[in-house]
Amino acid sequence: MNTIDAPLDGTGLRVGLVAGRFNDFVSTNLVEGARARLVAMGVADDDVDLAWVAGAFEVPLAARAMAESGRYDAVVCLGAVIRGETPHFDYVAGEAASGIMRTGHDTGVPVVFGVLTTDTVEQAMERADVDRGDKGADCADAAVEMARLLAALRG
Ligand code: INI
């Protein structure tokens, strides 16, 4: 068996972050965790671009623009949709998730899903906190791994 190597080495990679301003007390932690992990993996801080959008619903369109620009090896989508705060939770969360997945499939650029969907603010804070769940860092790992894996698979 041959295992295809996808090292968590971010050297030379360019990564776009898209973050929803809605629940920004959560999103800023996600951004901080993602940026710190990217830099720890060797991505130059100058090669990380961050675009803020109004909320999770807008995230896929900005992610698509980044992916289609050809300037990024991966795009990381960040935000928080909290059930207790919105009667249209399912629409916002569902459209964000499917739009993010579709963007990756349509463009061929890895697009990572870091939009938290939780029942409570506390759950969102715990998952985003860089000292606890650090979901932003997990998304950075997924972005670098997918960028390396796709490069290897595409030869
Ligand atoms: N956007 C979020 O990112 N999280 C939410 O919890 C949320 N709530 O609660 O409604 C939310 N709504 C805004 C939405 O993403 C759009 O920005 C808005 O509908 C304008 O298109």
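Order of appearance sets the numbers: ligands from 1, and atoms from 1 within every ligand. Basis for what follows: all heavy atoms, side chains included, without hydrogens, waters or symmetry-related copies.
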- request: Start with the C-alpha gap between Val48 and Arg14, add the side-chain angles, then the distance that decides, and say whether side chain to side chain contact (heavy atoms under 4.5 Å, CB included) holds.
  value: CA-CA 6 Å; Val48 181; Arg14 296 157 306 169; over 6 Å; no
- request: Check each heavy atom of Val92 against ligand 1 and say whether those closer than 4.0 Å belong to the side chain, the backbone, both or neither.
  value: side chain
message: One residue to check: Val115. Relative to ligand 1, which of side chain, backbone, both or neither has a non-hydrogen atom less than 4.0 Å away?
response: neither
message: Name the residue from Thr107, Asp49, Asp47 that meets the side chain to side chain donor-acceptor pair (under 3.5 Å) definition with Tyr72.
response: Asp49
message: Show the atoms of ligand 1 that are less than 4.0 angstrom away from any heavy atom in Phe57.
response: 14 (C), 15 (O), 16 (C)
task: With sequence neighbours excluded, tell me which residues meet side chain to side chain contact (heavy atoms under 4.5 Å, CB included) with Asp45.
output: Arg35, Val39
message: Check this for me: Leu61, atom CG, are more than 12 non-hydrogen atoms of other residues, nucleotides or ligands nearer than 6.0 Å?
response: no
message: Looking at ligand 1, is there an atom of it that comes within less than 4.0 Å of some heavy atom belonging to Gly20?
response: no
- line: So the atoms of ligand 1 within less than 4.0 Å of a heavy atom of Val81 turn out to be 4 (N), 5 (C), 6 (O)
- prompt: Quick one: does Ile82 get an N or O within less than 3.5 Å of an N or O on ligand 1?
  reply: yes
message: Give the atom numbers and elements of ligand 1 that come within less than 4.0 Å of a heavy atom of Asn23.
response: 4 (N), 5 (C), 6 (O)
- prompt: side-chain contact (heavy atoms from CB on, under 4.5 Å) with Leu30: which of Asp24, Leu78, Val130, Leu17?
  reply: Leu78
- prompt: Can a non-hydrogen atom of His88 be found less than 4.0 Å from any atom of ligand 1?
  reply: yes
query: For atom 4 (N) of ligand 1, which candidate among Ala96, Ala80, Ala56 holds the nearest heavy atom?
result: Ala80
query: Is there at least one pair of N or O atoms, one from Ala54 and one from ligand 1, spaced under 3.5 Å apart?
result: no
message: Asp90: which residues meet the side chain to side chain contact (heavy atoms under 4.5 Å, CB included) condition with it, sequence neighbours left out?
response: Arg83
task: Tell me, with the steps shown, if Arg37 and Asp138 meet salt bridge (Lys or Arg N to Asp or Glu O under 4.0 Å).
output: CA-CA 8 Å; Arg37 181 65 68 89; Asp138 292 346; 5.2 Å; no
